[in-house]
Amino acid sequence: MAQDKTAEAAKTERYKPNNELIVAIEPANGQNPAEVELGKKLFFDPRLSRSGFISCNSCHNLGMGGSDNLPTSIGHNWQEGPINSPTVLNSSLNFVQFWDGRAANLREQAGGPIANPLEMASSHDLVVNILESIPQYKEEFKQVYGTDSITIDEVTKALAVFEETLVTPNAPFDRWLKGDENAINDQELRGYLTFKNSGCVACHNGANAGGTSFQKMGVIEPYVTDNESAGRAGVTGKDVDRMMFKVPTLRNVELTYPYFHDGAANTLAEAVNIMGRLQLGRKFADNEIEDIVAFLKTLTGDQPRFEMPILPPSSDLTPRAKPFE
């Protein structure tokens, strides 16, 4: 009788963390507060764009999971961007930046959209001239970097330091990883185990549940899309790298719809179904998809909270925006 009870208890005992491939996110620390504040102002300042209308936050909205919830972003003069805007949240945990990995770090990434004619459509020289013409910015750059002149290097460094603070710890799944058995319910745990045992963690691993490797979109079946992005091949020029993309993070994924580089999957359930077939050769049952989606929602962590910056006013010498050119 005692043996039967022991066997029944073992049968019903919940799975506990055991060297999981997804690890908890830790809070950001160690940044210079003045440098973070400067970077925050630049992140929200639309004067970094030619139109004076588009800021970094336009496509990486910190009130919307660090993305814009559009299939592809809207750039200068309402131009349609070529690719889905990845979240800026936890981007410091990625091994490279952009879908195709063309930037090695956040500093390299920060300079790209400013000069991209489809995005902010400005230039590094123009942005520096604008910031140099604003006395309060001049003073803040001097206080932070000890220089009387502003260069694009300081601009991108400040932006990167601010973005390094945009981590989202304390997700229910993180609390479960740290020993709180009640942080996720039975369905969410079942979804995680399906996710894990199906092989999804081979690509979606690490603190960011992704962002650690390049993988081909369409391993078992080709991915059919009208999107013209060549993926990593656009950087390397090698046909073998066509449709190879940086694996996106699954952190806060319930907030960052639509999904994939072309934004073609409108819901998490649709994305899970497609990825199962194309990447794993597996057709998930409806209840398995529901369980996996429930798990994915446990990856939503504490969202960044801060006081909105008051931007320094332009001076009479500040070049004025040209929104319709």
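Of all heavy-atom pairs spanning Phe43 and His60, the tightest one is CZ-O, 3.6 Å.
Looking at residues two or more places apart in sequence or on another chain, you find a side-chain hydrogen bond (donor to acceptor under 3.5 Å, both in side chains) between Arg50 and Glu325. Scanning for side-chain hydrogen bond (donor to acceptor under 3.5 Å, both in side chains) contacts around Glu140 gives Lys41, Gln136, with sequence neighbours left out. Residues meeting the side-chain hydrogen bond (donor to acceptor under 3.5 Å, both in side chains) test with Tyr145, sequence neighbours left out: Glu35. Annotation: side-chain hydrogen bond (donor to acceptor under 3.5 Å, both in side chains) contacts of Glu181 (sequence neighbours excluded): none.
The ring of Phe324 has its center no closer than 6.0 angstrom to the ring center of Phe53. Note: Phe173 and Phe295 meet the aromatic proximity criterion, with ring centroids under 6.0 Å apart.
For the atom pair Ile289 CD1 and Asn273 CG, the distance stands at 4.5 Å (nearest 0.5 Å).
The aromatic rings of Tyr223 and Phe260 lie perpendicular to each other, with more than 60° between the two planes, well past the 30° mark.
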Under 3.5 Å donor-acceptor pairs involving side-chain atoms of residues 121-131, not counting sequence neighbours:
residue, atom, partner, partner atom, Å
Ser123, OG, Leu126, N, 3.0
His124, NE2, Gly111, O, 2.9
Asn129, ND2, Asp125, O, 3.3

Checklist line | Criterion side chain to side chain donor-acceptor pair (under 3.5 Å) on Thr236 and Asp241, from CA distance to verdict | finding: CA-CA 7 Å; Thr236 66; Asp241 290 330; 2.7 Å; yes
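Evaluation of the side chain to side chain donor-acceptor pair (under 3.5 Å) test over residues 107-118, restricted to residues two or more places apart or in two chains, returns Asn116-Glu119.
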